[in-house]
Amino acid sequence: MRTTVWHVAAIGAVMFLIGCGGGGSGDVGDTGSPELQPADGDMLVVGLEVDLDTMFPPTSNSVSASDVYGHIYWYLMRSNPDFITVRPGLADSFRFSADSLQIDYFIHPGITWHDGEPFTADDVVFAHDVCKAPEIGWSAVDWLDHITNVEALDPLTVRFTFDEPYMYQVQDSNVCYPLPKHILGDVPFTEMSEHPIAREPVGNGPFRFVSWESGQEVVIEANPDFALGRPHLNRVTFRIIPDQTSLTTQIQNGDIDLWTRFGPAFYPQLSEAPGLTVHSYPGRSYTYVAWNRLDPLFEDKRVRQALTMAIDRQQIVDALVYGQATVGTQPLISTIWAHDPTIEPYPFDPEGAKALLEEAGWTDSDGDGVREKDGREFKFQMATNGNNRMRVDIVTVIQQQLKDVGAEVTPNVLEFNTFIDQLLAKDYQSAVGGWSVGIKAALTSMFGKDALFNFVSADNERMLELMAQAELERDMDKAKRLWSEMQRISVDESYYTYLFQLNDLHAINERFENTDMNAYGWGFNLEEWFVPEGRQRYKVPVGASPIAEAGQGSSGALSSTGR
Amino acid sequence: MIGYIIKRTLQAIPILLGASTIIFFLMHAAPGDPTSIYLADPNIDPAVIEQMRRNLGLDQPIHIQYFRWISSFLTGDFGYSFSQHRPISDILKDAIPNTLLLSSIALIVIFIVGVVVGTIQAVRQYSWMDNTATVASFFFYSMPSFWFGLMLILLFAYKLQLLPASQMTAVDHEFMSGSDKLVDRAKHLIMPSLALGLGGAAAVARYMRSGMLEQIRQDYVRTARAKGLDERKVVFKHAMRNALIPIITLLGLYIPFLISGAVLIETIFAWPGMGRTIIGAIFQRDYPVVLASAFVIAILVIAGNLVADILYSVVDPRVRVEEGEA
């Protein structure tokens, strides 16, 4: 396979790199042996904990849904796991204009919608209008802010024009999925999310829709007419199984082949289970302790530093996450390009913590094991959301660890929405929370003055300055340096204690080959997965499937078109 | 009788409206709203969330939202789900039959198992069968249904691999022949209906046992035996009929229990019914779905009680509902 990699670091002077053998990293093994030759056929059964919300990409907000429609709809260019470079999708390549204000995308000839209509540049222009419409209420609409115009130069060439050159031009022009204009063109924006296509999508990708029974399963199958070559698997069935005990049972007895994003609590069992491969890599979420500076207790930087040093983060990772996480160091985690691997985590140092607290005036004068200062005892609440069992356990461990340095923590376990409300209102003392972050380096929403998510009331002027500079900087190396300096200050300030960056964990049946899972997602190269001939389990045909029983939902009309 | 049914139905209307109104205000009083789920990513634009709230009508004052909802509700329009992006009538159409199927099979389990076991216990009082069944019924009665469900999964799906762990059909269901499809569906019903029904069956068995024991000691049973009827006829034709009367009352009591119990069982067994719908909707603050499903469950409960009351008067000739009696 030929992978085209675009590097957008140096704007204006885009480098064109061609890498070989990109696709599957490692799993293919010895492709010379006949039993590992790619073969078409078989079915992948995926267990999903929650049902999809909708398969209309602009109004969907569920990961389950994008896990499915991300293979029915494709982007022009698709992201690589570094979220900076891209690989071909429906477009073969693209070209920046000399002033870097325009990008032309060259669509692969012969791509059709699953109903047989040709996919053209007009569909890209149309989708852009849909994604931008306020009536749609797309959650990533601000990504389109710098795009001033999208036009079709010819059926296979589409041009994006920007108001200025910046770092994410390629990303921002590949965040809104192309939509079928011939189906949705006359539908008012307000009615689009209710159009049948939201439940029976007509896409343009390697897999096409077969059926969706709410709360039960979603089925997609290979698109044999895909101009870039059909995927190897005949079918992928997503089964909705909300209970984790059921999922553990079913992945082990072979009822399902893949359990995506399973909780670390299942890691010891599944990593030992015969017939299963567990993929584990740093994911896009992290867990922190926030110290509310509006509370005089946490006003002093030395107190926050001491508390960070008193928390044994490695022990938390080992004991509660079974080692499937990295101790946190900074707000920009390792999946973001501006992450600085040279920033060291604060050392675990209870003695140092005690010394710092003494220095800050917190002493245990009455010998009861809890420090005091100016008549106030070092006692505070630590809030978290109770539906996340791991966070509740974290609070308990921290409670124990902070007791050793003379602080008394009372856990305050809340319902999720109550917890969020208290954080937003800054009506808490300390809290264990987490973020799932996007692909861009952006921290204004967390550290900016009066920013919505500035839970800790951070107000460091130098940080704000650096952040503003970094976000405008077009040179990637310079930007990295600015981010690094900014993050070092945030670490020194210890507004937050970064506990860990969680790994994404996926368990898959061993019969599947070439399964490359990475920060992009478990389905990074789903179209290239295969099961060698001798190992195939299900005999399911493509295209000839009978319509499921009447009355069982939507396995209907649209799925049988274009065959 | 018809007048009685009409009267009961009319009485249900204020109850349903009152319950829905209370739930409406309770749901809106709870912290968060349907856009809260977007707060997982710190880089979400607050302006975007405001736009979504406007699109969903959540920026309106609460009394306006209430009147909007109640007026469309009264005209039969349940509205549109925030989280599933489709009309609520479609959601209910999918979920209600699934819940009814599971609950009715569970109800059958409750009564058949309960009546049979209770009768055997009474007839063979203090035998080893009676003692074993007594211990077993206390065990099943005191056991939470979700735990029992998990144990069934571990034993029959994981260890023995005899039954499917969850869902309504197998993954290759659509490729099966007609008769295999039926077998497949039945197999998927066994564990959830046992988990849902056995606790109730144990209770019914206790009622049935004491009811039968009481009847067997009655004079008319002694008379029946004295005139030389064989034991089977005495038990089944005479004693059992009378012992069944209080069991019918239980029927009405079990319907709400079944539907609330189904919330957990449906989650454990991935059964796409009303219980899972309402739980999912509560967590996602999908107000219209919560209201509509609560409304449907309230109707099922009221209807269940009505059916039990009517059955009661049918079975027991001594209890007749007078025209116009409440």
Side-chain angles (χ1 to χ4, degrees), chain A residues 43 45 50-51 53-54 56 59-61 134-142 193-194 198-199 213-217 237 239-243 245-246 249-250 252-253 255-256 387 415-418 420-421 424 434-438 440 442-443 445-446 452-453 538 540 545-546 548-549 553 555, chain B residues 30-33 36-49 51-56 80 83-87 90-91 94-95 97-98 149-150 153-154 157-158 161 164-175 181 266-273 276-277 280 283-285:
Chain A
M43 165 166 71
V45 184
V50 281
D51 200 358
D53 51 357
T54 169
F56 185 57
T59 52
S60 163
N61 181 50
E135 297 91 332
I136 296 288
W138 183 39
S139 64
V141 69
D142 52 315
S193 68
E194 302 175 36
R199 303 218 23 117
E213 288 171 37
S214 281
Q216 281 287 280
E217 64 175 28
T237 297
R239 306 213 95 196
I240 323 295
I241 301 166
D243 183 71
T245 309
S246 279
T249 301
Q250 291 183 274
Q252 289 182 81
N253 69 12
D255 282 352
I256 59 172
N387 60 331
E415 189 264 346
F416 176 74
N417 282 293
T418 314
I420 294 287
D421 271 13
L424 289 171
W435 285 121
S436 291
V437 298
K440 294 182 180 180
L443 292 174
S445 60
M446 289 177 64
L452 185 59
F453 302 125
Y538 297 100
V540 287
S545 67
E549 282 165 88
S555 45
Chain B
D33 71 25
S36 306
I37 40 169
Y38 288 92
L39 299 181
D41 177 354
N43 293 319
I44 181 92
D45 185 348
V48 171
I49 293 194
Q51 179 66 48
M52 286 181 195
R53 295 177 50 102
R54 264 201 301 282
N55 291 355
L56 296 176
Y80 195 73
S83 63
Q84 297 195 32
H85 300 267
R86 58 182 180 142
D90 286 2
I91 297 177
D94 282 352
N98 295 340
L150 290 176
I153 291 179
L154 286 184
Y158 183 57
Q161 309 218 350
S166 65
Q167 294 224 328
M168 292 179 69
T169 52
V171 70
D172 47 359
H173 184 78
E174 67 174 285
F175 300 105
K181 277 186 180 172
E266 283 179 359
T267 304
I268 291 167
F269 289 100
W271 196 270
R276 250 173 80 195
T277 305
F283 281 120
Q284 300 192 46
R285 298 289 186 269

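Chain letters run A, B, ... following the sequence lines, proteins first, then strands; residues in each count from 1.
At least one side-chain heavy atom of Q216(A) sits less than 4.5 Å from a side-chain heavy atom of T169(B).
Among V45(A), I240(A), I420(A), the residue making the largest number of heavy-atom pairs under 4.5 Å with chain B is I240(A). Your options are G280(B), P97(B), S83(B), A95(B), and the one with the most heavy-atom pairs under 4.5 Å with chain A is S83(B). No other option in L443(A), N61(A), L424(A) has as many heavy-atom pairs under 4.5 Å with chain B as N61(A). In terms of non-hydrogen atom pairs under 4.5 Å with chain B, the most contact-rich of Q252(A), M446(A), M43(A) is Q252(A). The candidate from W435(A), F416(A), F453(A) with the greatest count of non-hydrogen atom pairs under 4.5 Å with chain B is W435(A). Interface summary for chain B: among S193(A), S214(A), G438(A), the most heavy-atom pairs under 4.5 angstrom belong to S214(A). Your options are V437(A), V141(A), T245(A), T59(A), and the one with the most heavy-atom pairs under 4.5 Å with chain B is T59(A). The most heavy-atom pairs under 4.5 Å with chain A, out of R86(B), Q284(B), Q161(B), come from R86(B). Between chain A and the residues V48(B), I91(B), V171(B), the most heavy-atom pairs under 4.5 angstrom are made by V171(B).
Looking at D421(A), only its side chain comes within 4.5 Å of chain B, counting heavy atoms on both sides. At a 4.5 Å heavy-atom cutoff, the contact between A170(B) and chain A is made by backbone atoms alone. In this structure, the portions of Q167(B) lying under 4.5 Å from any heavy atom of chain A include both its backbone and its side chain. In this structure, chain A has heavy atoms under 4.5 Å from both the backbone and the side chain of T267(B). Looking at I268(B), both its backbone and its side chain come within 4.5 Å of chain A, counting heavy atoms on both sides. Using a 4.5 Å cut-off between heavy atoms, R54(B) does not touch chain A at all. Both the backbone and the side chain of A442(A) come within contact range of chain B, each with at least one heavy atom under 4.5 Å from a heavy atom of that chain. Looking at T237(A), the atoms closer than 4.5 Å to chain B (heavy atoms on both sides) all sit in the side chain, from C-beta outward. In this structure, chain B has a heavy atom under 4.5 Å from the side chain of L452(A), while its backbone stays farther away. With a 4.5 Å cut-off on non-hydrogen atoms, L56(B) does not touch chain A at all.
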Legend entry - Y80(B) and E194(A): CA distance, side-chain angles, deciding distance, side-chain contact (heavy atoms from CB on, under 4.5 Å) verdict: CA-CA 9 Å; Y80(B) 195 73; E194(A) 302 175 36; 2.8 Å; yes

Inset, instruction - May I have the step-by-step check of side-chain contact (heavy atoms from CB on, under 4.5 Å) for L150(B) and D243(A), ending in yes or no? - result: CA-CA 10 Å; L150(B) 290 176; D243(A) 183 71; 3.6 Å; yes

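Across G32(B) and N417(A), no two heavy atoms sit closer than the pair CA-OD1, 3.6 Å. When every heavy atom of I44(B) is checked against every heavy atom of S139(A), the shortest pair comes out as CD1-O, 3.6 Å. Across every non-hydrogen atom of A165(B) and T249(A), the tightest pair is CB-CG2, 4.4 Å. Looking at every heavy atom in both residues, R276(B) comes nearest to G215(A) through NH2-O, 3.2 Å. Between Q51(B) and G137(A) the shortest heavy-atom distance is CG-CA, 4.4 Å. Nearest heavy atoms, T418(A) versus P31(B): OG1-CG, 3.1 Å.
Between E217(A) atom CD and H173(B) atom NE2 the span is 9.5 Å, to the nearest 0.5 Å.
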